[in-house]
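Reviewing the structure listed below.
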Amino acid sequence: MLQEIREQWKTLIEEQLAIYAKEILKEDVILAPLTIQVPPKPELGDIAFPLFAYAKQFRLAPVKIAQVLKERIEILANRPSGQLILAGPYLNIRLDFASLIKDLKDKVLTEKDAYGNSNVFNNKKVMIEFSCPNTNKPLHLGHMRNDSLGESVSSILKANGADVQKVNLINNRGVHICKSMLAYKKFGNGETPESSNIKGDHLVGKYYVKFAQWEKEDPTAVDQAKEMLIKWEEGDKETIDLWNKMNGWTLDGLAQSYEKTGVHFDKYYYESETYKLGKDKVLKGLESGVFYQEEDGSVWIDLEEINLDKKVLLRSDGTSLYMTQDIGTAISRHEDWPFESLVYVVASEQQYHFKVLFYILEKLGYSWAKDLHHLSYGMVNLPNGKMKSREGTVVDADDLFDNLAELAKQEIQNKEREGLVDGLDKTANAIALGALNYYLLQVDPSKDMTFDPVKSISFNGNTGPYLQYMGARISSMLRKFEDQKDDYLGVEFDPSLLTTEEERELVKMIANFPEIVKKAGLNFNPSIICSNLYDISKMFSKWYHDNKILMAEDKKMVVARINLAKMVLQVIKNSFNLVGISYLETM
RNA sequence: GCGUUCGUAGCUCAGCUGGAUAGAGCGUCGGACUUCGAAUCCGCAGGUCGAAGGUUCGAAUCCUUCCGAGCGCACCA
């Protein structure tokens, strides 16, 4: 809506510029397209068109160009709504708010949860892979950033009209899996999650750590793990049974973590099921000459064409590697669901891997290799550096979540709101999750971020709970209004009453929301939604603080402001859905 | 060494497809609740946007070089 008005003005001014140019220069010239901006201060209008770019061609000061354009446009009968403002070298527009608000209210309150959605992806089939845990240890903070991003980007793509399929890949085979199995076999004494009362994924993780200790004492440990992998690939019954048992424990534990953090998938893939296809494809590629074999039997690809070295695809003992199975996984995915785009949400440390993977698939002749995309996100670091499992500095996902939920619970109790809230634990969990998702998503995905376990997650300021609190306050106010609804029968909505600076800013933000959703979708970037969400919440908060809404003296004013609050709430709720924050009516 | 990403306030981050005076939050200090929810709001202080050149009417934003940091370049995943 706002976008249409901008474009209309842009077109009109460009037309006038062209006419003006022809008068001065006596010939047709190509003019640079007009740029659209937002003025830095409200009194300068709502849309800005800088005219510097034309000064040279016109041989006139931009201030003069602006003046002439303004005079000429003002006498035109047919022009878009709004008023022209001269601001030096800028030609600005002040929007006609009354008509904008009227249309906006109808649109937002009719479309409701769908307000802001677009169809820029035009039903495109997009598969998105994220999470991808190993079955040898529990989830940590790094996985949480991955999960938050995966869920959020999926929601954002759906809101932009994509047909999204969320997939997970369980990394359940490989030497690292054998390590925890071997340690369990040696030191486990038949311990189970039930007997030890340890969550399955944590129990398996315990033996992965144990392996690392044992490895230091026994130099044959790694070789033993490799032997186990060979046995596993041969289908040795004892090995497979142990593998099944321990994987089951881990997957149970992961399922619980996913449930708590609101992570869901349409389909699960398992490396154990895809690596064989990968192996076949590598051997076929060897036959067709895409790959080559060393004397020891290992299979390689030469990456000289893309200025890289060479990469091993099958070990000399014939077992598969990470790359081998990823080739198989991609191929079987395209067979299962012929995607038009496949997005891998994987940390930036694997950029090399994906560059090579995409190249290999292209060399193997898959035309869809060009539709593969690595959504690379930055590392989550701790104040003193990287998380290291060996140094015990890994932030465990379950612990972190539980601590946050506990803090939220205490906060509710401190405020003596336990009885007012819709379930203490339920609300505390929703607050914890909102805090976590917002914290992880507000940073540009491509950038590394620092997480301070002590200070990072607060419930005040630019945080998830702040946003939830704004939602709850609006919700509370609207409930009160509904209770007194009879007092307002027949009072019409009058948009011309919304004239304060905050009200105008709120209207603009509401009107601009669809653009924000679009931008977040095209850039695969939830942080755009986050900063917009904070901006509108903060603006609402200031407005609410300085103005009476439900308590306004005049009934018409109450109705006008309540409707604006409704629109703000709708945008906040729709934003919440895109970044994994629960909307709470009370908190 | 090669590749790649990044350097913005004490800390954590916006702003980066060039435009008007570079913004938030946290932290410090100070103010605002008999009034729609104070998990709130307001104010003070805090910046040679890593450095130097270049392109441009205009550079935090684009280009080059340098300095500094992260990540990668495994028969690990």
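Letters go in sequence order (proteins before strands), and every chain restarts at 1. Small disclaimer: the values here were computed from a predicted structure and weren't measured.
At whole-Å resolution of the value, CG in Asp452(A) and P in G27(B) are 13 Å apart. Following rounding to the nearest Å, Asn146(A) (CG) and A77(B) (P) show an atom-to-atom distance of 18 Å. Distance Asp223(A) CG to C76(B) P: 11 Å, rounded to the nearest Å. For the pair Asn462(A) CG and C13(B) C1', the interatomic distance rounds to 9 Å; values are reported in whole Å. The CG-C1' distance, from Leu467(A) to U40(B), rounds to 13 Å in whole Å. For Glu271(A) and C76(B), the CD to P distance is 13 Å, given to the nearest whole Å. Taking atom OH of Tyr377(A) as the reference point, atom P of C6(B) lies 17 Å away to the nearest angstrom. Counting to the nearest Å, the P atom of G3(B) and the CG atom of Leu308(A) are 11 Å from each other.
Residue contacts for Ser476(A): at a heavy-atom cut-off of 4.0 Å it reaches a base atom on one of the strands shown. Asn414(A) comes within 4.0 angstrom of no nucleic acid atom, judged by non-hydrogen atoms across all strands. Residue-level contact check: Ala48(A) touches the bases, meaning some heavy atom is under 4.0 Å from a base atom. At the heavy-atom level, Met449(A) lies under 4.0 Å from the strands shown only through sugar-phosphate atoms. Within the 4.0 angstrom heavy-atom criterion, only backbone atoms of the sugar-phosphate kind lie near Tyr466(A); the bases stay farther away. Among the heavy atoms of the strands, none lies under 4.0 Å from Thr319(A). Using a 4.0 Å heavy-atom criterion, one finds that Pro62(A) contacts no nucleic acid atom at all. The residue Ile412(A) sits close to a base: some heavy atom pair falls under 4.0 Å. Residue-level contact check: Arg479(A) touches neither bases nor backbone, having no heavy atom under 4.0 Å from any strand. Nucleic acid contact class of Ala472(A) (heavy atoms, under 4.0 Å, all strands): base. Note on Gln57(A): nothing from the nucleic acid sits closer than 4.0 angstrom, heavy atoms only.
There is a side-chain donor-acceptor pair under 3.5 Å between Tyr322(A) and Gln350(A). Remark: the Ser298(A) side chain and the Ser316(A) side chain contain no N/O donor-acceptor pair separated by less than 3.5 Å.
For the P atom pair drawn from U28(B) and C67(B), the interatomic distance equals 40 Å after rounding to whole Å. Remark: the separation of the C1' atoms in A59(B) and G70(B) is 26 Å, to the nearest Å. Taking atom C1' on both C6(B) and A14(B), the two are 16 Å apart, rounded to the nearest angstrom. Straight-line distance between the C1' atoms of A51(B) and C13(B): roughly 23 Å, to the nearest whole Å. A22(B) and U48(B) have their C1' atoms separated by 13 Å, with the value rounded to a whole Å. With both ends at atom C1', the span from G18(B) to C57(B) equals 12 Å, rounded to whole Å.
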key: ring pair (Phe, Tyr, Trp, His ring centres under 6.0 Å) between Phe130(A) and Tyr344(A), worked out   = CA-CA 6 Å; Phe130(A) 62 100; Tyr344(A) 292 88; over 10 Å; no
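Ion pairing between a basic and an acidic side chain is recognised when a charged N comes within 4.0 Å of a carboxylate O; Lys279(A) and Glu233(A) show such pairing. Comment: Lys555(A) does not engage Asp487(A) in a salt bridge, judged by the lack of any side-chain N to carboxylate O separation of less than 4.0 angstrom. Lys415(A) has a carboxylate O that lies under 4.0 Å from a charged side-chain N of Glu411(A), or vice versa, which qualifies the two as a salt bridge. Under 4.0 Å is where a charged nitrogen must lie from a carboxylate oxygen, and between Lys137(A) and Asp201(A) no such pair does.
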For nucleotides 67-73 of chain B, list the nitrogen or oxygen atoms of the protein found under 3.5 Å from its nitrogen or oxygen atoms, one pair per line.
unit_1	atom_1	unit_2	atom_2	d
G70(B)	O2'	Asp448(A)	OD2	3.2

Between the protein and nucleotides 54-64 of chain B, which nitrogen or oxygen pairs come in under 3.5 angstrom?
unit_1	atom_1	unit_2	atom_2	d
C57(B)	OP1	Lys56(A)	NZ	2.5

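Residues forming a ring-ring contact (aromatic ring centres under 6.0 Å, His included) with Tyr544(A) (at least two apart in sequence, or on another chain): Phe540(A). Scanning for side chain to side chain contact (heavy atoms under 4.5 Å, CB included) contacts around Asp302(A) gives Tyr292(A), Glu304(A), with sequence neighbours left out. A search for side chain to side chain contact (heavy atoms under 4.5 Å, CB included) contacts involving Pro526(A) returns Leu149(A), Ser152(A), Val153(A), Ile156(A), Leu441(A), Pro445(A), Val579(A), not counting sequence neighbours. Residues satisfying the side chain to side chain contact (heavy atoms under 4.5 Å, CB included) test with Ile230(A), not counting sequence neighbours, are Glu234(A), Asp317(A), Thr319(A). Residues satisfying the ring-ring contact (aromatic ring centres under 6.0 Å, His included) criterion with His176(A), sequence neighbours excluded, are absent altogether.
Note: His374(A) NE2 to Ser348(A) OG = 7.5 Å, rounded to the nearest 0.5 Å.
Counting heavy atoms of neighbouring residues, nucleotides and ligands inside a 6.0 Å radius, atom CD of Glu416(A) does not exceed 12 of them.
Side-chain atoms of Leu407(A) and Asn403(A), non-hydrogen and from C-beta on, never get closer than 4.5 Å to each other.
Within the structure, side chain to side chain donor-acceptor pair (under 3.5 Å) contacts touching residues 51-65 of chain A (residues at least two apart or in different chains) do not occur. Within the structure, the side chain to side chain donor-acceptor pair (under 3.5 Å) test picks out the following pairs touching residues 461-478 of chain A (sequence neighbours left out): Tyr438(A)-Asn462(A), Ser475(A)-Arg479(A), Ser475(A)-Tyr583(A).
Along RNA chain B, the nucleotide nearest to Met470(A) and the one nearest to Lys41(A) differ in position, and the one closer to the 5' end is contacted by Lys41(A). Along RNA chain B, the nucleotide nearest Ser458(A) and the nucleotide nearest Ala87(A) are compared for position; the residue whose nucleotide lies closer to the 5' end is Ala87(A).
Heavy-atom distances under 4.0 Å link RNA chain B to Ile431(A), Val443(A), Asp444(A) of residues 420-446 of chain A, given in residue order. For residues 531-551 of chain A, proximity to RNA chain B is found at Tyr534(A), Lys538(A), Ser541(A), Lys542(A), Tyr544(A), His545(A), Asn547(A), Lys548(A), Ile549(A), Leu550(A), Met551(A), defined as any non-hydrogen atom under 4.0 angstrom from a strand atom.
In RNA chain B, runs of at least 3 stacked Watson-Crick or G-U pairs (N1-N3 plus N6-O4 or O6-N4, or N1-O2 plus O6-N3, all under 3.5 Å) give these stems: B:1-7 with B:67-73, B:10-13 with B:23-26, B:29-32 with B:40-43, B:50-54 with B:62-66.
For Leu44(A), counting side-chain heavy atoms from C-beta on, the closest listed nucleotide (C13(B), A20(B), A74(B)) is A20(B).
Asn525(A) places a side-chain N or O within donor-acceptor distance of the main-chain N or O of Ser527(A), the cut-off being under 3.5 Å.
Tyr275(A) has its ring centre less than 6.0 Å from the ring centre of Trp232(A).
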